[in-house]
Undergrad: 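The structure that follows is given in the form of structure tokens.
Worth saying up front: this structure is predicted, and the values here are computed from it rather than measured.
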Amino acid sequence: MNIFRFLADLSHLLATVILFHKIWKTRSCEGISGRSQMLFALVFTTRYLDLFTNFVSPYNTVMKLFFLGSSFGVCYLMWFKFKATYDRNNDIFRMEFLAIPAFLLALVLNHEFSFMEVMWTFSIYLESVAIMPQLFMLTKTGNAETITAHYLFCLGLYRALYIVNWIYRYYNENFFDIIAVIAGIVQTVLYADFFYLYITKVINARKNFEMPA
């Protein structure tokens with residue numbers, strides 16, 4: 001494993017920890033899209049179907065278990081434990097508009113037409129757009145808590161670092177996965193506007209707050 005993939009995984013891990021901390025500490029799901037979280041749960045479920053049949057390394061297995069468990073854990077907190085705080089009125093992006101096209105595309109464009117491969121490909125396509133309900137909700141409300149912004153930034157950084165990882169692997173391992181690369185680029189582009197807002201508002205707001213009177 002190269003340093004870029006490790007940093008990407010670390011950023012993804014940090015994003016999940018930030019999300020859990022925000023929900024548990026505030027006892028609230030305000031500002032979080034339950035629809036995006038459901039899509040992420042579907043992403044990891046279909047991607048890690050080989051969890052108990054294809055052992056790669058202890059690290060790989062632990063990370064798979066963590067992201068599977070955490071995705072369903074967040075869904076439980078949002079849809080059951082703290083459901084009274086979940087803003088359903090503003091979380092209205094139609095998930096089927098993302099899941100169905102991703103599945104159809106996976107049936108047509110894949111490395112091998114087999115159940116496991118199609119499910120893996122579906123998870124790659126779906127992950128690239130799974131954040132859209134969250135970004136749509138953010139746009140609709142026009143407001144995001146700082147900690148929610150940090151969560152989204154870490155997710156975007158995770159995908160950006162994976163692009164660097166693929167470039168590294170292409171030049172050093174002669175490895176190139178066109179499906180994963182294109183999907184990763186699409187996902188990173190979706191975060192572009194948010195990155196700009198994050199830098200100009202969240203970081204500048206912190207600087208202004210820390211400036212002495």
Side-chain angles (χ1 to χ4, degrees), residues 1-23 31-48 51 56-57 59-75 78 98 102 120-138 144-170 172-173 175-199 201-203:
M1 178 189 301
N2 63 71
I3 186 62
F4 302 110
R5 181 176 177 180
F6 176 74
L7 290 175
D9 288 345
L10 189 62
S11 181
H12 194 185
L13 184 68
L14 180 59
T16 305
V17 171
I18 288 173
L19 181 60
F20 260 108
H21 181 264
K22 174 261 189 298
I23 295 175
I32 303 298
S33 168
R35 293 173 180 252
S36 271
Q37 297 307 316
M38 288 180 66
L39 290 175
F40 281 126
L42 181 58
V43 164
F44 296 126
T45 299
T46 52
R47 180 172 303 172
Y48 300 147
L51 182 60
V56 177
S57 67
Y59 171 87
N60 182 270
T61 299
V62 169
M63 293 298 280
K64 286 181 178 180
L65 288 172
F66 174 81
F67 289 120
L68 264 175
S70 61
S71 62
F72 281 99
V74 170
C75 287
M78 295 198 65
L98 303 175
W120 179 86
T121 307
F122 167 67
S123 77
I124 295 297
Y125 291 147
L126 184 60
E127 186 183 18
S128 70
V129 293
I131 199 62
M132 286 186 67
Q134 178 68 66
L135 297 178
F136 180 80
M137 185 179 183
L138 180 61
E145 296 179 4
T146 300
I147 197 160
T148 304
H150 292 336
Y151 159 69
L152 290 173
F153 178 80
C154 286
L155 274 185
L157 183 61
Y158 145 66
R159 295 314 309 176
L161 285 168
Y162 252 89
I163 292 178
V164 181
N165 161 65
W166 292 321
I167 295 174
Y168 176 90
R169 294 191 66 184
Y170 176 75
N172 291 275
E173 303 174 16
F175 175 85
F176 185 76
D177 188 329
I178 187 64
I179 290 176
V181 170
I182 292 178
I185 291 174
V186 169
Q187 188 173 3
T188 305
V189 168
L190 289 177
Y191 282 96
D193 286 341
F194 173 78
F195 281 152
Y196 174 77
L197 291 174
Y198 180 87
I199 294 172
K201 291 187 177 182
V202 175
I203 295 182

Undergrad: Applying side chain to side chain contact (heavy atoms under 4.5 Å, CB included), run through Y162 and Q187 and close with a yes or a no.
TA: CA-CA 11 Å; Y162 252 89; Q187 188 173 3; over 6 Å; no
Undergrad: Any side-chain heavy atom of E127 within less than 4.5 Å of one from R47?
TA: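 Yes, at least one pair of side-chain atoms sits under 4.5 Å.
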Undergrad: Going by heavy atoms in the side chains, are V62 and Y59 under 4.5 Å from each other?
TA: no
Undergrad: What pairs with W120 under ring pair (Phe, Tyr, Trp, His ring centres under 6.0 Å), at least two apart in sequence or on another chain?
TA: none
Undergrad: Does some side-chain heavy atom of I124 sit less than 4.5 Å from a side-chain heavy atom of D177?
TA: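 In short, these two side chains do not touch, never coming nearer than 4.5 Å.
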Undergrad: When you compare the side chain of V56 with that of T61, does any pair of heavy atoms fall below 4.5 Å?
TA: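 Heavy-atom side-chain distance check fails, nothing below 4.5 Å.
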Undergrad: Within the side chain of R35, is there an N or O that forms a donor-acceptor pair under 3.5 Å with the backbone of P133?
TA: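 Looks like no, no N/O pair under 3.5 Å.
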Undergrad: Is I23 close to L19 at the side-chain level, that is, under 4.5 Å between some pair of heavy atoms?
TA: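 Yes, their side chains come closer than 4.5 Å.
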Undergrad: What pair of heavy atoms forms the shortest contact from F4 to V164, and how long is it?
TA: CD2-CG1, 3.5 Å
Undergrad: Considering residues at least two apart in sequence or located in another chain, which fulfil the salt bridge (Lys or Arg N to Asp or Glu O under 4.0 Å) criterion with R169?
TA: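 Partners of R169 under the salt bridge (Lys or Arg N to Asp or Glu O under 4.0 Å) test: E173.
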Undergrad: Is a side-chain donor or acceptor of S11 paired with a backbone partner of L7 at a separation under 3.5 angstrom?
TA: no
Undergrad: Can you tell me if F6 has over 12 outside heavy atoms packed within less than 6.0 Å of its CZ?
TA: no
Undergrad: In Å, rounded to the nearest 0.5 Å, how long is the span from CG of N172 to CD1 of I167?
TA: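 One finds 11.5 Å between CG of N172 and CD1 of I167.
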Undergrad: Under the side chain to side chain contact (heavy atoms under 4.5 Å, CB included) rule, what do Y168 and I3 come out as? Steps first, then yes or no, please.
TA: CA-CA 10 Å; Y168 176 90; I3 186 62; over 6 Å; no
Undergrad: Between CG of L14 and CG of L155, what distance do you get to the nearest 0.5 Å?
TA: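 Reported to 0.5 Å precision, the distance equals 9.5 Å.
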Undergrad: Are any non-hydrogen side-chain atoms of Y125 and I179 less than 4.5 angstrom apart?
TA: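 A side-chain contact exists here, since the closest heavy-atom pair is under 4.5 Å.
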Undergrad: With a 4.5 Å cut-off on side-chain heavy atoms, are L152 and L138 touching?
TA: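 Of all side-chain heavy-atom pairs linking L152 with L138, at least one is under 4.5 Å.
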Undergrad: Could you measure the distance from the CD1 atom of I131 to the CG atom of L98? Nearest 0.5 Å is fine.
TA: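 The distance works out to 11.0 Å.
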Undergrad: What's the shortest heavy-atom distance between M78 and S33, and which atoms?
TA: CE-C, 3.9 Å
Undergrad: With rounding to the nearest 0.5 Å, note down the distance linking CG in N60 to NZ in K64.
TA: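 Nearest 0.5 Å value for the CG-NZ distance: 4.5 Å.
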Undergrad: What's the verdict on side chain to side chain contact (heavy atoms under 4.5 Å, CB included) for I163 and V181, showing C-alpha distance, side-chain angles and the deciding distance?
TA: CA-CA 7 Å; I163 292 178; V181 170; over 6 Å; no
Undergrad: Within the side chain of S36, is there an N or O that forms a donor-acceptor pair under 3.5 Å with the backbone of Q134?
TA: yes
Undergrad: Angle between ring planes, F40 versus F44, binned at 30° and 60°: parallel, tilted or perpendicular?
TA: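 F40 and F44: parallel rings.
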Undergrad: Measure the spacing between CG of L10 and SG of C154 and express it to the nearest 0.5 Å.
TA: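 Interatomic distance, L10 CG to C154 SG, rounded to 0.5 Å: 9.0 Å.
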Undergrad: Nearest 0.5 Å, what's the OG-CG distance between S70 and L65?
TA: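 It comes to 10.5 Å.
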Undergrad: If you define the side chain from C-beta out and look only at heavy atoms, does anything of W166 sit under 4.5 Å from Y170?
TA: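 SC-SC contact between W166 and Y170 ruled out.
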Undergrad: Within a radius of less than 6.0 Å around CZ of F176, do more than 12 heavy atoms belonging to other residues, nucleotides or ligands occur?
TA: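 Atom CZ in F176 is packed in, count exceeds 12.
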Undergrad: Can you check side chain to side chain contact (heavy atoms under 4.5 Å, CB included) on M137 and I32, steps first, answer last?
TA: CA-CA 8 Å; M137 185 179 183; I32 303 298; over 6 Å; no
